[in-house]
2 protein chains.
Amino acid sequence: MSATSAAEPVEPAGRADAVADRIRATILAGDFVPGQRLVEAELSDAFGASRGAVRAALLQLDHEGLVERVANRGARVRAVSVEEAVAITEVRMVVEGLCAAKAAENVTDADITELRDIGRRMQEAVRAGEIVVYSQLNTMLHDRVRELAGQPVATEVLSRLLARNVRHQFRLALRPGRPQVSLPEHLAIIDEICSRSPEGAERAARRHVASVIEALRDAT
Amino acid sequence: MSATSAAEPVEPAGRADAVADRIRATILAGDFVPGQRLVEAELSDAFGASRGAVRAALLQLDHEGLVERVANRGARVRAVSVEEAVAITEVRMVVEGLCAAKAAENVTDADITELRDIGRRMQEAVRAGEIVVYSQLNTMLHDRVRELAGQPVATEVLSRLLARNVRHQFRLALRPGRPQVSLPEHLAIIDEICSRSPEGAERAARRHVASVIEALRDAT
DNA sequence: GAGAACAAAATGGTTAACAATCAAGGTGCG
DNA sequence: CGCACCTTGATTGTTAACCATTTTGTTCTC
C-alpha cells in the first residue's frame with residue numbers, strides 16, 4: 001500500500017529516531033498527505049518497529065511540528081494553512097533579522113570572501129536558469145548566516161520553523177520568476193553583512209523574508 | 001536522598017502528563033538543581049509511575065527545554081548559563097517586538113482602556129513597592145500583548161523560551177531597583193500600542209527586552 | 001602508574017497485555 | 001419518526017517484564 005517500496009526488506013530502523021526519519025521522509029515526499037491519520041499500529045506494522053518506538057517517533061514529529069496529536073484521538077499529518085505559513089514566516093523574519101545583524105557583527109575577512117563567492121554563484125545560477133543550484137546556494141547562504149550569528153537558540157528556533165514549512169517553501173522555490181525577485185534581496189543581505197552593518201543586515205534580511213511572505217500570500 | 005519529601009505517599013500520578021507536572025514543579029522549586037541527573041528508575045520509583053510514563057514525561061520536558069537529554073546518557077536538569085540566557089532573551093527580544101507591532105495593528109478601543117489600566121496599576125504597584133503585584137501585572141501585560149498580536153506561532157515560541165528561562169527571569173525580578181528601570185519601558189510599550197504605531201511598539205518592546213539583556217549580563 | 005579487560009548501571013527498545021477513551025451505530029422509547 | 005441511551009469496536013494510553021546496547025567505573029595486569 002503505502003510508501004514502502006517493495007524491494008527493500010525493512011532495513012534495521014530499530015531506533016525511534018530512524019522511524020521518525022522514515023515517517024518524516026514519507027510526509028515530505030507527499031506519500032502521507034496532510035490531514036491523514038497516522039495510526040500507531042499501522043505504522044508499527046509498516047516500518048517494522050514496535051509501537052513504543054512509533055509512539056516516540058510521533059512525539060518527536062509532533063515536537064517538530066510536522067504532525068499533530070490530539071489526546072486519545074491519535075496523530076495526523078499536520079496541514080499547514082497558508083495563514084499559518086504566513087505566521088511562521090513572520091516569526092522567521094524577525095529571527096533571521098537577528099541572525100543577520102549578529103552575523104554582521106561577527107563576520108571575518110575570510111567569511112566575507114566566502115559570502116561574496118556564494119553571491120557570485122547565485123548570480124550565475126540564476127542567469128543560467130539553474131533553479132536547483134540556486135536553491136541549494138540559497139539554503140547554504142541562510143545556513144552560513146546562522147552559523148556566523150553564533151546564536152544557537154535562534155538556530156534551533158529557525159530549524160523548527162523551517163521544518164514545519166518545508167512544503168510551502170518548496171512550492172515557492174519552484175515558482176517561475178521567483179529567483180529574479182529573491183536574488184537581489186540575497187545580494188543585499190550579503191552586502192550589508194560584508195559591510196559589517198548590523199542594522200542594514202537586519203533590514204535586508206527582513207525585507208527578504210517579507211517578500212517571501214508576500215509571495216506566500218499570493219500563492220493561494 | 002533526593003528531593004521527595006518523605007511524608008506524601010506517592011499519589012496516583014498515573015499519567016505521563018502528571019509525572020511531567022511533578023518533575024517540572026520539583027525543578028522550578030529548586031529541589032532538582034541544574035545539572036542533576038534524572039535517572040528514569042529513580043523517578044519512576046519516587047513518583048510511583050512506570051518507567052514508560054517517566055520516559056514520556058522526560059521527553060516532554062526536554063521539548064519544553066527544562067531538561068536536556070543526551071543519547072544513551074540520560075536526562076539532566078538543564079543548566080542555563082548566563083550566556084545562554086542572553087541568547088534566549090535576544091530571540092525573545094525580536095519576537096516580542098513582532099508581537100508588539102502586530103498588537104498595535106489589531107488593538108481595539110476596549111483593549112486600549114484595558115492596557116492603560118494595567119499601566120496605571122503598574123505605576124501604583126511600583127510606587128507602593130509591591131514587587132509581587134508588579135511582577136504579576138508584568139506577565140499580565142506581556143500575555144495580553146501576545147494575545148492581541150494574534151500570532152499563535154510567536155506565542156508558542158515565546159512560551160518555550162520563557163519556560164527555559166524562568167530561573168533567571170525570577171532572580172531578575174527580585175533585583176532591587178529593577179522595577180524603577182522597567183516601569184517606564186512598559187509604559188512606553190503601552191503608549192505605542194495604544195497610539196496604534198507598529199514601528200513604535202516594536203521599538204519600545206525591543207528596547208525593553210534589550211534592557212533585560214543588559215541586566216542579565218550585569219547579574220553574573 | 002598506564003592501559004586493557006571486565007562488571008555494574010542506565011538507557012533504548014520490544015512484547016504482550018490491560019484500561020480508558022472516543023466515534024459510531026444500533027436499540028428502544030416517547 | 002426522532003431522539004436519547006447504550007453497546008461495541010477501534011485506538012490510544014499505560015503498565016510490566018525483559019533483553020540489547022552503551023556508558024562508566026573498577027580492577028587486574030604489565
Side-chain angles (χ1 to χ4, degrees), chain A residues 1-2 4 9-27 32-79, chain B residues 1-4 9-24 26-27 32-79:
Chain A
M1 273 299 115
S2 69
T4 58
V10 189
E11 53 169 288
R15 305 204 303 284
D17 285 341
V19 180
D21 287 345
R22 297 193 51 182
I23 299 179
R24 193 185 305 112
T26 311
I27 293 177
F32 285 159
V33 302
Q36 178 170 347
R37 287 194 58 190
L38 298 177
V39 180
E40 294 181 1
E42 289 177 9
L43 296 173
S44 154
D45 188 42
F47 293 134
S50 74
R51 244 188 84 200
V54 170
R55 182 180 266 280
L58 288 177
L59 282 176
Q60 187 179 327
L61 293 173
D62 172 49
H63 155 230
E64 289 177 21
L66 268 106
V67 314
E68 189 182 19
R69 279 167 38 92
V70 209
N72 292 320
R73 289 231 254 138
R76 21 187 21 123
V77 179
R78 185 153 198 178
Chain B
M1 257 326 90
S2 71
T4 58
V10 191
E11 53 171 285
R15 304 204 307 284
D17 285 340
V19 180
D21 287 345
R22 297 194 50 185
I23 299 179
R24 191 185 306 112
T26 312
I27 293 178
F32 285 160
V33 302
Q36 178 171 348
R37 285 195 63 187
L38 299 176
V39 180
E40 293 181 2
E42 289 177 9
L43 296 174
S44 153
D45 188 43
F47 293 134
S50 74
R51 246 189 79 198
V54 171
R55 199 98 102 76
L58 288 178
L59 282 177
Q60 187 179 327
L61 293 174
D62 172 50
H63 157 229
E64 289 176 21
L66 268 106
V67 313
E68 188 183 19
R69 279 168 39 91
V70 210
N72 290 320
R73 289 230 251 136
R76 39 190 55 209
V77 179
R78 187 152 199 175

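The figures that follow rest on heavy atoms only: side chains count, while hydrogens, waters and symmetry mates do not. Naming convention: chains lettered A, B, ... in sequence-line order (proteins, then strands); numbering from 1 in each chain.
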Could you tell me the separation between the CD atom of Glu40(A) and the C1' atom of dT15(C), rounded to a whole number of Å? 15 Å

Atom of Glu40(A), atom of Leu58(A) and distance for their closest heavy-atom approach: CG-CD1, 4.0 Å

What one should report as the nearest heavy-atom pair of Asp62(B) and Glu68(B) is OD1-CA, 4.1 Å

Which is more 5' along DNA chain C, the nucleotide nearest Ala75(B) or the one nearest Gly52(A)? Just name the residue. Ala75(B)

Could I get a table of every N or O pair under 3.5 Å where one atom is in the protein and the other is in nucleotides 20-23 of chain C?
from    : atom 1 : to       : atom 2 : distance (Å)
dT21(C) : O3'    : Asn72(A) : ND2    : 3.3
dA23(C) : OP1    : Arg73(A) : NE     : 2.8
dA23(C) : OP1    : Arg73(A) : NH1    : 3.1
dA23(C) : OP1    : Arg73(A) : NH2    : 3.3

For Arg55(A) and dG13(D), is the shortest distance between a side-chain N/O and OP1 or OP2 below 4.0 Å? yes

note: Leu43(B), atom CG; dT15(D), atom P; distance rounded to Å ~ 14 Å

Distance, rounded to the nearest Å, where Leu59(A) contributes CG and dG12(C) contributes C1': 15 Å

Could you grab the distance from atom CD of Glu42(B) to atom CZ of Arg37(B), nearest 0.5 Å is fine? 8.5 Å

Of the non-hydrogen atoms in Pro34(A) and Arg78(A), which two are nearest, and what is the gap between them? CB-O, 4.0 Å

What are the two closest heavy atoms between Ala53(B) and Ala16(B), and how far apart are they? O-CB, 3.8 Å

Can you check the Arg37(B) CZ to dA9(C) P distance for me, whole Å? 12 Å

Length of the line joining Leu38(A):CG and dG13(D):P, which is rounded to integer Å: 13 Å

Base, sugar-phosphate, or nothing for Leu58(A), non-hydrogen atoms under 4.0 angstrom? nothing

Non-hydrogen atoms of Val77(A) and Val33(A) that approach each other most closely: CB-O, 3.4 Å

Can you tell me how far P of dA10(D) sits from CD of Glu42(A), to the nearest Å? 12 Å

On DNA chain C, does the nearest nucleotide to Ser50(A) precede the nearest nucleotide to Ala41(B) from the 5' side, or the other way round? Give the residue. Ala41(B)

Length of the CZ-P vector between Arg15(A) and dT21(D), whole Å: 12 Å

Between the CG atom in Leu66(B) and the CG atom in Leu38(B), the distance rounded to the nearest 0.5 Å is 10.5 Å

Select base, sugar-phosphate, or nothing to describe what Gly74(B) touches, counting heavy atoms under 4.0 Å on all strands. sugar-phosphate

Under 3.5 Å, is there any donor-acceptor pair linking the side chain of Arg51(A) to the base of dG13(D)? yes

Round to a whole Å and report the spacing from CZ of Phe47(B) to C1' of dT15(D). 18 Å

Any side-chain N or O of Arg69(B) less than 4.0 Å from the OP1 or OP2 oxygen of dT11(C)? no

